[in-house]
Amino acid sequence: MIKKSLPSVFTIGNLFLGVLAIILVFNDHADRAAVLVIIAMLLDGLDGRVARALNVQSEFGKELDSLSDVISFGVAPAFIMYYVAFTELNPMLAWTVTAIFPICGAIRLARFNVVAGTPGYFIGMPIPAAGGILSTLALFHADVPAAVTVIATVLLSYLMVSRLKYPNFKKSGIPKAAIWFTPIVIGVAIFLALQFPTYISNGILVLLLLYALLGLKKNVDGVFTKLRRKKRSEKSEDVNQKLNF
């Protein structure tokens with residue numbers, strides 16, 4: 001029973017941190033809320049790996065993970081960004097941009113659950129990555145113009161529902177024997193995140209931005225590859241037509 005429930009414990013922990021982040025925003029602790037979203041990313045990365053290592057994957061776990069992600073990486077980051085950067089904007093603009101992010105995240109997760117993807121890739125930016133970028137950006141809101149945060153929020157919302165391919169690193173597993181050490185890893189990560197929030201946030205933001213750019217680069221390369229193939233095909237057809245004449 002414990003073995004089957006262990007992945008869900010990580011998922012529920014992810015959800016708990018997402019709800020706690022929202023509560024912290026309402027209590028004027030947006031910076032701490034952003035750190036909790038970053039920690040939730042760690043739990044989200046572990047639940048699937050633990051389930052595969054123990055061979056206890058289930059549809060229940062998959063659905064619970066999606067519902068948790070909507071809160072922790074959709075609603076919570078949107079509230080954080082609204083609180084720190086959007087309150088001085090036109091209310092309709094602020095409300096709309098804030099709502100768009102979790103809506104696109106929910107669409108992204110629903111599509112992931114029902115549409116078969118490309119092996120080794122996600123279709124659209126995963127919501128934990130998008131939520132992580134938005135939360136870490138919120139930590140630097142004092143140095144980032146409000147217009148930039150609005151554009152970043154809309155862009156991240158689009159990337160989640162786009163058809164762009166992003167590498168899927170979740171398939172990499174962990175040794176079964178190492179599963180019982182994960183609480184220690186999580187404890188150390190929480191300690192470091194709370195003790196050194198600026199350094200940890202800087203590192204996470206850089207990694208997530210590189211991931212976002214990697215997905216864009218792969219798709220741009222794919223477009224150019226298709227164009228080159230099309231040109232070669234057209235040249236080949238022209239040569240065949242000339243030979244026929």
What is the minimum heavy-atom distance between [X] and [Y], and which atoms define it?
X	Y	result
Met81	Thr153	CG-OG1, 4.0 Å
Gly124	Tyr166	C-CD1, 3.7 Å
Ala78	Thr98	CB-O, 3.5 Å
Val37	Ala76	CG2-CB, 4.2 Å
Asn27	His29	O-CD2, 3.1 Å
Leu89	Ala146	CD2-CB, 4.0 Å

Using the rule that Ile, Leu, Val, Met, Phe, Trp and Tyr join whenever any side-chain heavy atoms are under 4.5 Å apart, tell me whether [X] and [Y] fall into a single cluster.
X	Y	answer
Met92	Val150	yes
Val97	Tyr158	yes
Trp95	Phe101	yes
Ile71	Ile23	yes
Leu156	Val161	no

Approximate separation, where rounding is to 0.5 Å, of [X] [atom1] and [Y] [atom2]:
X	Y	atom1	atom2	result
Leu109	Lys62	CG	NZ	11.0 Å
Ile80	Leu139	CD1	CG	8.0 Å
Thr149	Phe86	OG1	CZ	4.5 Å
Thr11	Phe60	OG1	CZ	9.0 Å
Ile39	Leu42	CD1	CG	8.5 Å
Arg108	Ser157	CZ	OG	13.5 Å

Practice item. Tell me, with the steps shown, if Leu155 and Leu159 meet side chain to side chain contact (heavy atoms under 4.5 Å, CB included). Key: CA-CA 6 Å; Leu155 178 60; Leu159 289 176; 4.3 Å; yes
Exercise for review: Please assess Arg111 against Met160 for the test side chain to side chain contact (heavy atoms under 4.5 Å, CB included), listing each intermediate value before the final yes or no.
Suggested key: CA-CA 10 Å; Arg111 186 179 66 189; Met160 285 192 289; over 6 Å; no
Side-chain touch [X]/[Y], heavy atoms, less than 4.5 angstrom:
X	Y	result
Leu64	Ile12	yes
Phe73	Leu134	no
Asp44	Asp65	yes
Met125	Leu164	no
Ser72	Leu17	no

Point to revise | Side chain Arg32, main chain Ala21, donor-acceptor under 3.5 Å | key: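 Between the backbone of Ala21 and the side chain of Arg32 there is no qualifying donor-acceptor contact (under 3.5 Å).
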**Study point:** Sidechain-backbone polar pair: Thr136 side chain, Ile133 backbone, donor-acceptor under 3.5 Å
**Key:**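 Checked: pair present.
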Practice item. Decide if the gap between the ring center of Phe79 and the ring center of Phe26 is smaller than 6.0 angstrom. Key: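 Centroid separation for Phe79 and Phe26: below 6.0 Å.
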Check your understanding: Going by atom types alone, do Asn14 and Ser68 pair a side-chain donor with an acceptor below 3.5 Å?
Key ->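 No.
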